[in-house]
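Before any comments, here is the structure.
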Amino acid sequence: DFVREGAEPAEGPQLRVSGDVSASYFGVVDLGPETLDIHISQIRSRIHVTGIADGNLSYHHDLAGRLDVGPSLDARQGRDARPYYRIRDLRLRYATSDWAAHQRPAGAFVAEVGRLRSPGVAGTGLVDGAGGRVSLGQGVSLGVHGGLAPDLLDTGFSADLGVAGAHLGWRMAGEEWTAAASLSSVATAWRGDFNRLDVGASFDLAWGRLLDLRASAVATYTGYSTPGTPADLVLSSAYLGVRSRPLRWFTLNAHYAHYQDVYDRELRDALGEDAIIGGPRESGWLQLRFDPHALVAVTTSAYVGFGAESAEHLGASGRIVIRGIPIIDGRVTGSYRFSRSRAVDAQVAAAHFSSALGGSIELGLGYAFTTFRSRLLDERQDEHRADVSLDLLIAGPWRAHLSAGAAFGDLDPAITTAAHLSWSFDE
């Protein structure tokens with residue numbers, strides 16, 4: 001090979017390690033005649049290693065261990081303490097150097113092994129197995145994956161549910177817009193027998209600040225009927241979401257969602273026949289945000305649910321934020337929320353004040369009044385909550401949060417405490 005005299009050799013991809021480690025605690029001390037204390041502690045680690053093997057290999061994980069302790073857990077879990085872990089991501093990834101490019105040439109390839117997220121909108125969420133994708137050119141890629149899905153009510157390893165799926169994706173971009181679409185299909189087997197087949201499609205379009213749209217739909221086939229769920233292919237979920245900011249001081253967010261309970265063999269085994277509730281659930285949400293001035297922001301929202309009897313609800317909320325209060329460098333937030341279901345009416349009014357003390361400390365004070373009224377029993381319960389928080393933005397990668405609160409009213413008084421410490425790194 002020819003090397004021009006005086007030319008510097010090109011440096012290959014550098015090894016890079018980034019991530020964070022955090023520890024958190026949340027506790028509730030009940031001051032009533034019955035002891036219903038709860039203490040929850042968690043340690044979480046997220047690490048990303050890139051630049052291995054000339055940049056083709058990378059490693060990612062998101063692991064958490066948690067311990068719940070308290071007498072109130074005894075009735076729900078059968079014991080006072082229950083340690084468990086969560087594996088949200090644990091994978092080794094190989095990709096050709098061209099895969100990171102937006103316009104991938106035909107033949108660019110990526111493969112992953114470990115605990116993966118199902119690609120597309122049709123899937124089981126997490127899969128312990130392997131997957132691969134190849135670029136077909138012109139923004140089109142084809143992928144397959146397979147393995148075993150974790151437990152339904154936990155994320156522990158399980159050999160009960162086998163998964164096999166395929167994913168076809170398309171992505172294009174212009175100077176001011178990006179668009180993507182996908183078609184995915186996933187088949188599962190529960191303890192050796194056919195469980196369900198999901199087929200899904202999605203479409204995303206972003207056009208500057210004017211429009212951000214996402215639409216998706218999933219159809220499911222189980223092969224047999226349950227109460228409220230026919231055996232034929234049914235629309236199990238659908239979503240249409242829109243975000244628009246036509247003016248710099250005005251933002252609109254809205255979505256509509258449909259969900260149909262599908263009781264496959266896995267769910268029937270986990271919950272039993274008595275827990276089956278038929279019928280679709282529909283919901284809509286609209287939010288308007290106004291930022292007429294850098295110091296003031298106003299947000300209003302409304303939501304509604306209908307379809308199945310258990311899904312019927314409606315509500316509305318409003319919030320105002322005043323920022324940059326002189327001298328104290330503070331922020332004041334006031335909010336009100338109302339919600340109604342078939343069983344309960346609830347209202348919450350809250351106020352929160354925060355102030356920066358120096359460059360690394362923020363002090364917060366809050367108060368909230370909550371009232372619940374049972375529509376079935378015609379009973380009302382009021383509660384007052386007061387809290388104080390301290391956020392420490394320690395020099396460098398350290399962050400800490402401390403808070404304490406007290407609740408009192410018609411219910412037994414209680415004291416809550418929380419602490420969070422995190423360390424992030426990027427080398």
For residues L402 and A419, report the shortest heavy-atom separation together with the two atoms involved.
CD2-CB, 3.8 Å
So does R16 have more than 12 non-hydrogen atoms from other groups sitting under 6.0 Å from CZ?
no
Can a donor-acceptor pair be found between the side chains of R380 and T371 at a distance below 3.5 Å?
yes
Are side-chain heavy atoms of V332 and H352 found at a separation under 4.5 Å?
no
Rounding to 0.5 Å, atoms CG (L286) and CG (N253) come to a distance of 8.5 Å
Is a side-chain N or O of S236 found less than 3.5 angstrom from the main chain of V218, in a donor-acceptor match?
yes
Step by step, work out the ring-ring contact (aromatic ring centres under 6.0 Å, His included) result for Y239 and H258.
CA-CA 6 Å; Y239 177 86; H258 160 87; over 10 Å; no
Please name all residues satisfying ring-ring contact (aromatic ring centres under 6.0 Å, His included) with F157, sequence neighbours left out, ordered by chain then number.
none
Using side-chain heavy atoms (C-beta onward) and a distance below 4.5 Å, is S341 in contact with E312?
no
Taking atom CZ of F372 and atom CD of Q381, what is their separation to the nearest 0.5 Å?
8.5 Å
Can you confirm whether R88 is buried at CZ, in the sense that more than 12 heavy atoms of other residues, nucleotides or ligands lie under 6.0 Å from that atom?
yes
Over all atoms of both residues, closest heavy-atom pair of S317 and S301
OG-OG, 2.5 Å
Taking every non-hydrogen atom, the tightest pair across A316 and Y303:
N-CE2, 4.1 Å
One thing to verify: whether D212 and R243 come together as a salt bridge, which I'm taking to mean a side-chain N less than 4.0 angstrom from a carboxylate O.
no
Any donor-acceptor pair under 3.5 Å linking the side-chain atoms of Y94 with those of E112?
no
Hey, does R399 have a side-chain heavy atom less than 4.5 Å from the side chain of S424?
no
Gap separating the CG atom of D160 from the CZ atom of R191, nearest 0.5 angstrom
4.5 Å
Worked check of ring-ring contact (aromatic ring centres under 6.0 Å, His included) between Y59 and H61:
CA-CA 7 Å; Y59 168 80; H61 84 225; 5.6 Å; yes
Approximate separation, where rounding is to 0.5 Å, of L168 CG and L142 CG
6.0 Å
Give me the atom names and distance for the closest heavy-atom approach of R265 to T222.
NH1-O, 4.0 Å
Between R281 and Y259, is there a side-chain donor-acceptor contact under 3.5 Å, judged purely by atom types and distance?
no
Side chain to side chain contact (heavy atoms under 4.5 Å, CB included) evaluation trace for L421 with W398
CA-CA 7 Å; L421 176 66; W398 293 93; 4.0 Å; yes
With the side chain counted from C-beta on, respond yes when D37 and H39 share a heavy-atom pair under 4.5 Å apart, and no when they do not.
yes
Between D391 and H401, is there a side-chain donor-acceptor contact under 3.5 Å, judged purely by atom types and distance?
yes
Do the side chain of S135 and the main chain of P105 share a donor and acceptor less than 3.5 angstrom apart?
yes
Quick one, E282 and Y256 - any side-chain contact, counting heavy atoms below 4.5 Å?
yes
With a 4.5 Å cut-off on side-chain heavy atoms, are R66 and I40 touching?
yes
So with a 6.0 Å cut-off around CG of D426, is the heavy-atom count from everything else above 12?
yes
Return yes if a side-chain donor-acceptor contact under 3.5 Å exists between S58 and T50, otherwise no.
no
Between D198 and R196, does any side-chain N to carboxylate O distance fall below 4.0 Å?
yes
Check the angle between the aromatic planes of Y221 and F194 and answer parallel, tilted or perpendicular using the 30° and 60° thresholds.
tilted
Derivation of the side chain to side chain contact (heavy atoms under 4.5 Å, CB included) call for W177 and M172
CA-CA 9 Å; W177 60 272; M172 288 293 272; 4.1 Å; yes
Kindly indicate whether the side chain of L252, heavy atoms from C-beta on, has any atom under 4.5 Å from the side chain of L288.
yes
Can V199 and T220 be said to form a side chain to side chain contact (heavy atoms under 4.5 Å, CB included), step by step?
CA-CA 6 Å; V199 179; T220 303; over 6 Å; no
Are E362 and R331 packed together at the side-chain level, in the sense that at least one heavy-atom pair is separated by less than 4.5 angstrom?
yes
Quick check for you: to the nearest 0.5 Å, what is the distance between R373 atom CZ and D345 atom CG?
4.5 Å
Name each donor-acceptor pair under 3.5 Å that joins a side chain in residues 202-210 to protein atoms two or more places apart or in another chain, with its distance.
unit_1 : atom_1 : unit_2 : atom_2 : d
S202   : OG     : S182   : OG     : 2.6
D204   : OD1    : R214   : NH1    : 2.9
D204   : OD2    : R214   : NH1    : 2.9
R209   : NH1    : R245   : O      : 3.1

Any donor and acceptor pair, going by atom type alone, linking the side chain of N195 with main-chain N or O of T188 inside 3.5 Å?
no
With a 3.5 Å cut-off and sequence neighbours excluded, list the donor-acceptor pairs that the side chains of residues 406-417 form with protein atoms.
unit_1 : atom_1 : unit_2 : atom_2 : d
D410   : OD2    : D382   : N      : 2.8

Do S422 and D20 get their side chains close enough for a donor-acceptor pair, meaning under 3.5 Å?
no
Are I52 and L15 close enough, and set up right, to give a side chain to side chain contact (heavy atoms under 4.5 Å, CB included), and what steps lead you there?
CA-CA 6 Å; I52 310 172; L15 181 67; 3.8 Å; yes
Can you tell me if R133 uses its side chain to pair, donor with acceptor, with the backbone of V144 under 3.5 Å?
no
What's the shortest heavy-atom distance between L126 and S118, and which atoms?
N-OG, 4.4 Å
Could you walk me through whether D62 and R44 pass salt bridge (Lys or Arg N to Asp or Glu O under 4.0 Å), step by step?
CA-CA 7 Å; D62 184 352; R44 184 176 182 182; 2.8 Å; yes
Measuring from atom OG of S374 to atom CD of E379, what distance do you get when rounded to the nearest 0.5 angstrom?
6.0 Å
Smallest heavy-atom separation, A368 atom then A350 atom, equals CB-CB, 3.9 Å
Got a sec: does the CG of L235 have more than 12 other heavy atoms crowding it under 6.0 Å?
yes
Just checking R323: does its CZ atom have more than 12 heavy atoms from other residues, nucleotides or ligands closer to it than 6.0 angstrom?
yes
